[in-house]
Structures are given as structure tokens and as C-alpha cells.
Amino acid sequence: MGKCYPFGEIEAKWQRIWEERGTFRAREGGDKPKYYVLDMFPYPSGAGLHIGHPEGYTASDILARYRRACGYNVLHPMGWDAFGLPAEQHALQTGISPKINTDQNVEKFRSQIKRMGFAIDWEREINTTDEDYYRWTQWIFLQLFKHGLAFVDERPVWWCPELKAVLSNEEVINGRSERGNYPVERKQLRQWVLRITAYAEKLLDGLERLDWPDSTKRQQQAWIGRSEGMEIDFAVENSTKKITVYSTRADTLMGVTYLVLAPEHSLVEKITTQANGKAVADYRRETARKGDLERTDLAKDKSGVFTGAFAVHPLTGEKVPIWVADYVLPSYGTGAVMAVPAHDDRDYEFAQKFHLPIRTVVGPQGAEPELPFCPEGVLRNSGEGLDGLDSAAARGVFLNRLEAKGMGRSAVKYKLRDWLFSRQRYWGEPIPILWVSEEDYGPLKRMKDSPFQEFMPDEPVFFEENGRRFYAIPLPSSQLPLVLPTVEDYRPSDGGESPLSRAKWWIEVEVQGHTGEIRPAGGPPGDGWFRASRESNTMPQWAGSCWYHLRYLSPHCATAAVDPTAEAYWGCPDFYIGGAEHAVLHLLYARFWHRFLHEIGVPTTVEPYPKLFHQGIILGEDGSKMSKSRGNVVNPDRVIGDYGADALRLYEMFLGPLEAMKPWDSRGICGVSRFLQRAWSWFIGEDGTLSSRFRGDAEENALTQRILHSSIKKVREDIEELRFNTAISQLMVLLNHLQELPAAAPETGRIFLQLLAPFAPHIAEELWERMGGIRSIAEVPFPDYVPEKIATGTVTVVVQVNGKVRSELQVASDATREEVLRLAQADGIVGAHLVDREIVKEIYVPNRLVNFVVR
RNA sequence: GCUCGGGUGGCGGAAUUGGCAGACGCGCUAGACUUAGGAUCUAGUGCCGCAAGGCGUGGGGGUUCGAAUCCCCCCUCGAGCACCA
């Protein structure tokens, strides 16, 4: 690039001034309406800022600056989601503590983000790993515990041997870890679990009112996976047992030819006949060994074994064999299904393989169905009074009949599973729980005045080990934050325990039931002292991001997670922007916590993020995902050094629609850089002083007025609709026109700068100041357009003959239909196409077009 | 396999309710200024054609005076879900 405006100097200058003046500090109160813009806060990775980060942040910054200029009191904060596995793995490799590593990374991220010149209130910066932050994360956990929503359970969990960590359902993709793509397996472990399923219905209903991308709503909907069906009881022949199945297609009840139990189903052992015992046991063992990848691989053949037992059809009394097969999942519905091979793909495949009977009971009206026939249809072969009914009606009839016999009921099921909340890791929030023995729990529970009563749930939470019970005791808030202790060794144990479990001095404690005091084990015995062990698991990374939008409102509040006055003023974010990869993880968990917190009286809002937007991904120059191995990574520091932050901001917004996936183009940034250079040169002459083109007496002609005012209109509308690429192109159109003018009114220059300011704030501030601006351009009201200056006297009307454009006319905007048609016919080129033709129809669209239909 | 969302010049992308397809930018061509140009400025730039004109929004069909836009079929790319009964 040739000569450049001094962006390096200007950008540093204005970033310093904004900080010194506190230009973007947000305070509660005043008459202005509030506007809270939130970015998904970054995980400060060691790699530093990625070129993708500034995309979302610039978008939110444009909105923040625009809204401020439109008279809103704007809150635009930033912080760090800094717990997480990479810092811990880094510690394992280097021995540097995650704390130190994280602090360094935050330092780097902060300085890189500051170089972008965002209108952020840095006094509100938060960090999920700060004690003052996570004490409230722990407090929220205790509230969940108190309300019976946090409990422990021995359950099969996803265990990743490579990461030596337990993963949540959401963190496992096709049998591999989301992070690192390592294989995972099933393992029985005692785990903390949050009862998110209790909120399934609310989380589903709440989606409707959210202004979110459709695809994200659909993803959450599918994840919650509500289905309506029936539970149907099948008696087991020669037994008092019954098998309850769940089905959404009870209309196919008469087509049942066998039942299937999940291998883990508790009845399997009880009903299997002796003759089949070995085969079933072998099969169950085989299933247990398999990872879910193997088990759920769709391509694989169906497998299963016969139990030797039979069930009794609740309506026909017919005997149907009971099988065990791993295509039935233990964790959904009742873990047992009625198999209707004629009308279910999976049952059909299974029946084919094991030569089980197939009975057709539903089909299209009239024609014979091709099996398996899975859509709804009309009943056949189902018996008197049923044949001919459509599926929905048939379900109603079956429901009545089964209900009458006490053998069926309607039921709603969800795919959503409870949230596995403990991690066997070091770098996370310690779970503020103590474990005491059964003998100590009783007395402690009876101390009504004990601080340990503060978060005590109605139902005790306990686990059993070697025949002994251990009870969970919540720390009182006086003991928060429970600080993550310093340890030497960050390795998890092979047995799946947290590195914290090795810190015996921290784990083994004694608690004073009366006072809430806690001391290391080995103190003198006395009244009210009990032995206890701390919970060694930590919280998953999602915990801190579940409520950070609330912490920004009063980041320094020492008495509450969020100050009620601040919360009452700011409420929840009016706009939330971040990547689509969080569609079901962070966004579902945060909705759960926020709603829970709302129910216990913390935030006044029910939903945390009423309006959400996902920015797209910026691909490498070769059109593939940016990655070190491909060597197509663009370094933001480098770009800022070469072209300046304004150019980077402008370029990322100009690339294409904000939500789209788009490739980086290193030549494209030259284009926007040239635009900024041209803008600079329009204001500043060769000698470095304000250009002489600005004359107080200059008056813009109608064309200039029209372009200027339609630019104001378009920029306003485009910003509000997040169409930043077209807003910028309009700014280019405007500048292209202004450059043609021999002289300009200072006011015209100022309006141009105000329109530019949200996108390229540094250059706009600098030129604004040189144009005589006293206040920061960020604080000057955004210009409004004058409609009369856009709608000038004449409009262009296109003239078509048989739909083909032949000419265009300049006519007065208030011209009548007759006048325009007459002018159109009088047009020379049009006339040539009308010669010897008969006009059969005349189409007239006011101020737009004329179309002659001829023969 | 199922469910969504896309396919517009050499490239990124524009186009209220169906009403001038290709705004803006990149690139390219020619010219100017220059010792020089990967700087700047000027002009041009969808395709075919000397022109008149014709053809053009993944392909095919349809509705309409008029379709990138609406309807049907097909091709293709991307995302999500993936034995949830």
C-alpha cells in the first residue's frame, strides 16, 4: 500500500482517550432507555485471539456504539471464561500452574481485544476463575442442592481414558470426545448430577417466545425431544411381573409380535428361563463391554437373544416372545418396547434377522402397504370396531380400553437427560460439599441453629461405599468461596478421581456444627466437631458461563451474585451474539440456571437471552477451516499492524452477511483500507491540515442531498437489521459521490463521519476532532434523515414491451398513469417495438415501471 | 437415512410486497502521472455479437403482463440429528 493515514497513531491515541475519559463506562439510572449488548465471552486460549473473535465483537460493538448515539444507556462488557481443560493440559506438559498460565493468556487476550477499540466498559471485566466470581457460582450450586436439583448418583458415565475425565452427554459426539476427538467408554462412577429434566417442559415452552435463529431453536427442541405416547403393561406369562413399554404408536398395538428389553433392564434376569440363561448373560456382558459407538452404529447388524419368556398381549391375550436386544436403550422411555415389525424400521430389520412374525395392521387408505410401513394410516387386521379407523382415532380407542383395564396410560417422555455435573479435574470450581458419615450426619442434621442448615435439602443426598453411607453436607455461605487449593500434581488418577483427591490436607477436615468453622483434620476433639471429607470433583466449564450475564450487572458486588438494584435496571441482555456451536450446550444450561435463579428470586427475567444471533465462521483464504496444520491462519495482530484496527473491523463486516460462513481474502482488506484512505484524503489535504473543500457557504445540490439522506436511512436500517456489509457499501457509495464534489458543507462531512463511526471509530473520532468536534463522536446524537430530501421530484420509470426492458423515463413522482403511459408510447425505442403491434394490455406500477403487452 | 438452510459474473457478495439482475468491493483491461509501481487517478468490465439484437441467477417443467424471488421434479453443497420406540 502506498501512503497511509497514520492509523497506528490515531488508534492508540483514541483508545487512550476513551479509557482516560471513561467514555464507555456504563452507569445505572438516568432517563435514557437501557441497552445491554452481550458477546459470548472467550476462553482465553494460549494461541491468543483468533481472527474469528473480532467478527462477533465488532458486530456487537457497532450495535453498542449505534445505540449509544441513538440515545440509549448502553452496557457492553467483556470477560473471560477461563476454567477449562487446555490450561490444565498445559500445566501437565509444562508444570506451570493453570492459574499462572490462565492469567498470562487473559493478559494477552485483553491487550489484543483492546487494540480493536471496542466500546467496552472495562471496569466490569469478569473472570470465572476469580474467587470473587466463583464464590457465586458455588453459591448457585448450593441453591440447586438445597432445592433438590443437585444430587449424586452412581451411573454409567462417559469416561474418556485419554483425557482421564468424565464427559457429559453433550460433550460426546458419536462415541468420541468433543474436545480432542478421543474414544470414550462407559464406566460406573459416582457423579454429581443436576436435575435439568425437571425443567424439560419449561425449557421447551420458553423457546417459543425467544427471538433466536430458527435452527438453534430447533436444535434445542430436538435435544429436549418431547414425545407423547402411551405406557402399556404386558404381563409376563407364569410370573407376577409385568413389562411396561412406551410407544408413540399405540395404534399399531395389534401388530405386536414380540417385546424387547434393553440388556440393562432390571427384569431381564428375573424372567429369563434357565435354558436361555447363559446366552442372555453372555449377551449382557458383551453389551456392557461395548462402547456406545459400537452399540449405536447404525450400519451394524441388529443383535439380540431370546429370554425364553413370553408376555401376554393386554388386549388379545396372545403370547408374544420377550427378547433382549441392544437396539433398545435403557435410558429412554421405560427401557422396553413393544415390537411392531410391520411398522417400524428397526423392529422390521430385527424380525427379518431372527425370523419373527410380521403382522400388518396399518396401511394407506385402500392400497396394500409396502413393509415396513411407518407413516400413520388406517387400521386393518385389527379387529371389529378398529379396522378403518385412522391412527389417531385408534390410539384414542386403545387408550380407553387399556385405561379401563388399568394396563395403559398416556405418557410424555423426553430425550433430555440429567446434566452430569462433576469433573475429575483440577482447573474448575470446587464443589462446595462435605461428606460425613452416617453417624455424624444425624446429630449434625438435628442442630437446627447450625450454619450447615443454610443449604440443607429436604431429601438427604448420600452414597454408599462398602456398606457405609456418606451424606452430603453443603458448605454455608460464610465458607465461600471454597478456594481451589494449590497442588503440585495436576494428573487425574487412573481410577477416575480428581487431582484434588490427592491433596489430603485439603480433603480431610473437621467441621464445627455449631459455628460452621472448618479446620484441617487432627485438631483437638470437642463438642460439635465432626470429621468430614471435601468433595474432590470440580464443576464443568459450563458452570461459569451459565450466569455471567448477571455478574456483569454488578461485577464487584460482595453481598450477592447480582445486586438487585443493578439487576432491576439492566435486566437481561437485549442482544446476545456468539457462535452457533453453543446452540445446545451453553445456551441450554444457561437457560436452566437463569430460570431456576428467577424462581428463587434472583433475576426478574425468566429467560436470559431473549434475542440471540450467531455470527458465521471466517474460513481460511483457501475456503477451508483455518487451522495451523493447513497453514491458512490469519493473525489479527499482523492485520492490525499492516492496516489498522478500523480496517480489520470494517473488512470483517464487509466480507458478507454476518451469519454466513465466508473465506478471508487478503486482497479484500486492501479494498476497505483504500476506502478509509480515500475518506482520510477527502478530509485532510496533502499538507496534513483540514481540506479547503469545506466551505461554510457551500450548499449541497438535490442529488447530493438525496444520496446523503438515503445513506443515513440505509445505514440506520442496515445496522438495526445487522446488515453491516450493505451499510458499508452505502458508505462507499456516499464517499464516491462526495469525492466528485468541488466543495462541501462541513455538515455533510460531519454526517459522513457519524455514519462511519460505529464501524471505524478511531478514524471517525480523529477526523471529527479535526472538523472541530469537542465531544467524542460516540456521544453525539446519530443523524436523522429527512424524507423529503430522499423523495425528489422525479423518478425513473422503466418501460417494457412484453416484459423486456426497452427504455426508461424520467417522470415527476406525482405523474398520473395516463401521463406516464403517453410518455412511454412517445419514446422512440419503445415506439419501434410497438410498430404494427396491437397493445392488448398496459401494466402500470406507479414510480416503477410500464409494461406494454402486444400481439 | 431423516430434518433444515444454500446454489447469482473470474472471486466475495447486492437486489422492499414478484417489477431495471449483478449495487459495493476484489480481480482484470486500457490509459494518465511517474526513474519506478504491488502507489494514485481516469475509463471499461455478465456472456455472445461489428451492430441491431440475443442469451443469462445449479438443471428441467409450471404459474404470471412480468420470476433470482412463487409452485412441482431433479442435481449439488453446507449444517444439525442419528436405533429416543
Side-chain angles (χ1 to χ4, degrees), chain A residues 1-4 173-174 213-216 218-219 221-223 225-227 229 245-250 252 260 262 292 295-300 302 325-329 331-340 343-347 349-350 374 413-417 580-581 583-584 617 623 650-651 654-657 659-672 674-675 677-678 681 717 723 725-736 739 796-808 832 839-854:
Chain A
M1 299 292 300
K3 70 172 179 220
C4 280
I173 293 157
N174 287 335
D214 275 344
S215 62
T216 304
R218 268 198 302 273
Q219 273 183 66
Q221 230 162 42
W223 192 262
R226 183 185 199 273
S227 79
V245 302
Y246 173 70
S247 175
T248 54
R249 291 298 304 277
T252 63
V260 188
D292 271 31
R295 178 165 172 179
T296 59
D297 186 359
L298 258 180
K300 116 184 146 56
K302 290 277 182 289
D326 67 1
Y327 80 89
V328 175
L329 306 176
S331 50
Y332 180 76
T334 60
V337 303
M338 57 178 222
V340 186
H343 305 297
D344 182 280
D345 290 321
R346 299 150 300 183
D347 298 343
E349 197 190 321
F350 192 81
C374 301
K413 302 285 179 194
Y414 299 92
K415 287 191 204 173
L416 185 68
R417 309 293 149 89
E581 66 275 17
V584 282
I617 296 172
L650 207 58
Y651 178 59
F654 186 62
L655 259 176
E659 67 277 14
M661 198 184 262
K662 51 226 163 212
W664 181 267
D665 175 5
S666 54
R667 283 180 308 215
I669 194 162
C670 293
V672 294
R674 278 201 280 262
F675 164 71
Q677 180 58 52
R678 283 193 293 123
S681 315
E717 289 170 355
R723 293 184 305 236
N725 54 333
T726 50
I728 293 166
S729 89
Q730 186 62 39
L731 290 173
M732 291 173 170
V733 170
L734 176 58
L735 182 65
N736 288 348
Q739 281 186 312
T796 305
V797 169
V798 171
V799 186
Q800 299 180 336
V801 177
N802 281 350
K804 289 198 196 318
V805 178
R806 296 302 179 186
S807 183
E808 58 183 45
I839 296 176
V840 290
K841 199 167 179 183
E842 290 166 334
I843 311 283
Y844 172 67
V845 182
N847 291 350
R848 259 185 205 284
L849 110 170
V850 169
N851 186 13
F852 294 114
V853 184
V854 301

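These figures come from a predicted structure and were not determined experimentally. The figures here come from the full heavy-atom set of this structure, side chains too, leaving out hydrogens, waters and symmetry mates. Note on naming: letters A, B, ... go to the chains in the order of the sequence lines (proteins, then strands), and numbering restarts at 1 for each one.
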Check: Is it true that the NZ or CZ of A:K302 lies under 6.0 Å from the centre of A:Y327's six-membered ring and within 45 degrees of the ring axis?
Finding: yes
Note to self: Using O4'-C1'-N9-C4 for purines and O4'-C1'-N1-C2 for pyrimidines, with syn meaning within 90° of 0, is B:G49 syn or anti?
What the structure shows: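 It is anti.
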Heavy atoms only, 4.0 Å cut-off, all strands: where does [X] land among base, sugar-phosphate and nothing?
X: A:S227; result: sugar-phosphate
X: A:E808; result: base
X: A:L849; result: base

Next item on the list: Would you mind telling me which residue lines up with the more 5' stretch of RNA chain B, A:R806 or A:V853, judged by nearest nucleotide?
Entry: A:R806
Checklist line | Contact nearer the 5' end of RNA chain B, comparing A:V805 with A:A336 | finding: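 Looking at RNA chain B, the more 5' nearest nucleotide goes with A:V805.
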Item checked: Strand RNA chain B in bracket notation, Watson-Crick/G-U under 3.5 Å with | for pairs to another chain -> (((((((..(((......[....)))((((((.......))))))(((....)))..(((((..]....))))))))))))....
What N/O pairs connect the protein and nucleotides 23-30 of chain B at under 3.5 Å? Give each pair on its own line.
from	atom 1	to	atom 2	distance (Å)
B:G25	OP1	A:N736	ND2	3.2
B:C26	OP1	A:R674	NE	3.1
B:C26	OP1	A:R674	NH2	2.8
B:G27	OP2	A:R674	NH2	3.2

Margin query: Measure NZ/A:K415 against P/B:C83 and give the value in whole Å, please.
Written below: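 Whole-Å distance recorded here is 9 Å.
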Note to self: Is a donor from one side chain sitting under 3.5 angstrom from an acceptor on the other, for A:Q730 and A:T726?
What the structure shows: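 No, no side-chain donor-acceptor pair sits under 3.5 Å.
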Check: Between A:K662 and B:G12, does any side-chain N or O lie under 4.0 Å from OP1 or OP2?
Finding: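 For B:G12, OP1/OP2 do not have a side-chain N/O of A:K662 under 4.0 Å.
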